[in-house]
Amino acid sequence: MSTLFDPAPFRARRARVLEHMQKNGGGVALVATAPERMRNRETAYAYRFDSYFHYLTGFAEPQATLVLIADNNNPRSILFCREKNAERETWEGFRFGPEAAAAQFAFDEAYACNELAERLPALIAGGQPLWCAFGHEDEASGFEALCAALIAVRRNGRAGWCAPATLHDIRHLLDEMRLIKDEAELALMRRAGAIARDAHIRAMRATRPGRYEFEIEAELLHAFRAAGATGPAYTSIVASGANACTLHYVANDRQMHAGELLLIDAGCELEGYASDITRTFPVSGRFSPAQRAIYELVLAMQHAAARATRPGASFDAPHEAAVDTLIDGLMDLKLLTGSRAEIVDTKRWQRFYMHRTGHWLGRDVHDVGAYRPHDAPRTLAAGMTLTIEPGCYIRAAADIDPAFHDIGIRIEDDALVTPDGCQLYTADTPKTVAEIETLMQSAQPTS
Ligand code: GLY
Ligand code: MN
Ligand code: MN
């Protein structure tokens, strides 16, 4: 963690949660971080905190729980975390311990995590509402069982305290808050986008016939870590030739050949925030006429989707604009024949474009936020962040002109909805045919 850590944005988010709780019956909120996970014998995965917990705390250690008390007279936030332990710190590294954590992260109180079970009954007593993320995929070990046990005590009726009668899923509130990014979040997302841009440029420069996909993946990893990102925000997709038509291809083990395209979908995680960029470019530096035609079409889809991304528009509008552009383009290229109405009706275009045009982006690369609150598409608003990532994937088939076989193209940028439209803040990653060909030509060995 940076020595310049500023607890203010995290404290402000906790204050907003407490205010919402106070307006809705008060009570106590419990937000646990993620458990540590074993990879294989005696070896753990690199630790990744829970996104909700970190959003409210900035605290990155495992075995921690945030408790928010929405008492009208004394609203406060309490952290339970690991104690200092000289021996464990020799093996695993620095721990704040409750006292230093309270000071650095601006909690009102902090205690050792092994005191949680003992202190919780008193904290949630009095029949106050309980706000939790029940059944959350990253639920910390034993946390939900602990709450269930506490609530069961009431049924037994002998504990002498009154357990919560009302349970709220705190994710309804936190998801809505996370959907609109604050200034601190946007600064990190822009930095994560710039690091991913530089990684894509490095990867383009390193690509040439005869190299393997994993060599290019290594360039991405180098660029992410060298710039201070934690690492990839998701497994990088480095897909050459026909592999680009496999949407979640991650084997990255094929040798690349002249005449093929390389699709790279890669982004980094920086202080808990993701970037997510896709670029597709020719391995040998020049697009074939068929590759270029599909590339220009996907670029036109992205422009259409970006024009449709603005406050007041439906979340579905960018996708609909991209699909309209795709149908026109594929009809012009004779890859779709028949009447437009019939193509729309039967959705035959889905043979070439089988995913949606974007998703929320934030702490999680597929970030939280209901896409259809109240069963209708979400209305976009300033401060939302999402990807705009149209594609076109043409597998080899007898009814397709061989010039188009195995062309898989996706172009993905990260967008902020602004008061009057949207800003693609990763768009300076080389994207036009001219930009890509110029960069690729300048990077080819001269001898
Ligand atoms: N990289 C994951 C996605 O584009 O959705
Ligand atoms: Mn994406
Ligand atoms: Mn992506």
Side-chain angles (χ1 to χ4, degrees), residues 48 51 137 178-179 181 189-190 192-204 213 216-217 219-221 223-224 229-240 243-252 261-270 272-281 295 298-299 301-302 305-306 308-309 315-316 318-319 321-323 326 350 352-369 371 378 380 384-393 408-417 422-431:
R48 169 51 157 84
S51 293
E137 58 180 343
R178 284 176 56 184
L179 203 45
K181 271 61 180 182
M189 291 182 71
R190 286 183 196 284
I195 293 171
R197 171 203 60 206
D198 292 346
H200 276 264
I201 292 172
R202 185 182 172 104
M204 284 182 194
E213 293 164 347
I216 307 308
E217 182 182 13
E219 300 292 337
L220 297 164
L221 293 172
F224 292 159
T230 318
Y234 52 91
T235 305
S236 305
I237 295 169
V238 183
S240 62
N243 288 342
C245 295
T246 301
L247 299 178
H248 291 167
Y249 172 82
V250 287
N252 301 349
L261 294 175
L262 179 64
L263 181 156
I264 298 180
D265 183 343
C268 65
E269 182 170 295
L270 181 74
Y273 287 86
S275 50
D276 182 7
I277 300 178
T278 306
R279 288 293 183 267
T280 312
F281 52 94
Y295 191 89
V298 177
L299 199 51
M301 291 165 73
Q302 202 202 37
T309 303
F315 175 81
D316 288 346
H319 182 61
V323 169
L326 174 79
Q350 285 184 340
F352 303 110
Y353 184 38
M354 53 301 277
H355 59 80
R356 305 272 305 177
T357 302
H359 50 80
W360 306 130
L361 180 72
R363 288 185 160 267
D364 300 306
V365 65
H366 289 185
D367 208 28
V368 293
Y371 289 100
R378 167 82 62 178
L380 296 174
M384 292 178 176
T385 45
L386 66 162
T387 64
I388 301 185
E389 51 175 304
C392 183
Y393 311 90
I409 292 173
R410 180 162 63 256
I411 303 173
E412 175 173 26
D413 279 301
D414 302 345
L416 165 67
V417 182
C422 81
Q423 183 195 31
L424 297 188
Y425 60 87
T426 56
D428 55 351
T429 313
K431 185 158 66 166

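Worth knowing before you read on, the calculation uses all heavy atoms, side chains too, and leaves out hydrogens, waters and symmetry mates. Everything numeric here is computed off the predicted structure, so don't read it as measured data. Counting starts at 1 for both ligands and their atoms, following the listed order.
- Taking every heavy atom of E412 and a limit of under 4.0 angstrom, the matching atoms of ligand 1 come to 4 (O).
- The closest approach between a heavy atom of R410 and any atom of ligand 1 is not below 4.0 Å.
- The shortest side-chain heavy-atom distance between M301 and I409 does not fall under the 4.5 Å cut-off.
- Listed by chain and residue number, H319, H355 satisfy the ring-ring contact (aromatic ring centres under 6.0 Å, His included) test with Y353 (two or more places apart in sequence, or in another chain).
- Looking at heavy atoms from C-beta onward, T230 lies out of side-chain contact with R48 at the 4.5 angstrom threshold.
- Side-chain atoms of D316 and Y371, non-hydrogen and from C-beta on, never get closer than 4.5 Å to each other.
- Below the 2.8 Å limit, the Mn ion (ligand 2) has as protein N, O or S neighbours D276 OD2, H359 NE2, E389 OE2, E412 OE2.
- Not counting sequence neighbours, D414 has no partner by the salt bridge (Lys or Arg N to Asp or Glu O under 4.0 Å) test.
- For ligand 1 and Y234, the ligand atoms under 4.0 Å from any heavy atom of the residue are 1 (N).
- The closest approach between any non-hydrogen atom of V365 and ligand 1 is not below 4.0 Å.
- Here the straight-line distance linking atom CG of L263 with atom OH of Y249 works out to 11.5 Å at 0.5 Å rounding.
- For the salt bridge (Lys or Arg N to Asp or Glu O under 4.0 Å) test, no residue two or more places apart in sequence or in another chain qualifies with E217.
- In summary, the atoms of ligand 1 found under 4.0 Å from a heavy atom of H366, numbered by their order in the structure, are 2 (C), 3 (C), 5 (O).
- Given atom 3 (C) of ligand 1, the protein heavy atom at minimum distance is D276 OD2, 3.4 Å.
- Using a 4.5 Å cut-off on side-chain heavy atoms (C-beta onward), E389 and D276 make contact.
- Looking at E219 and V238, their side chains never come closer than 4.5 Å, going by heavy atoms from C-beta outward.
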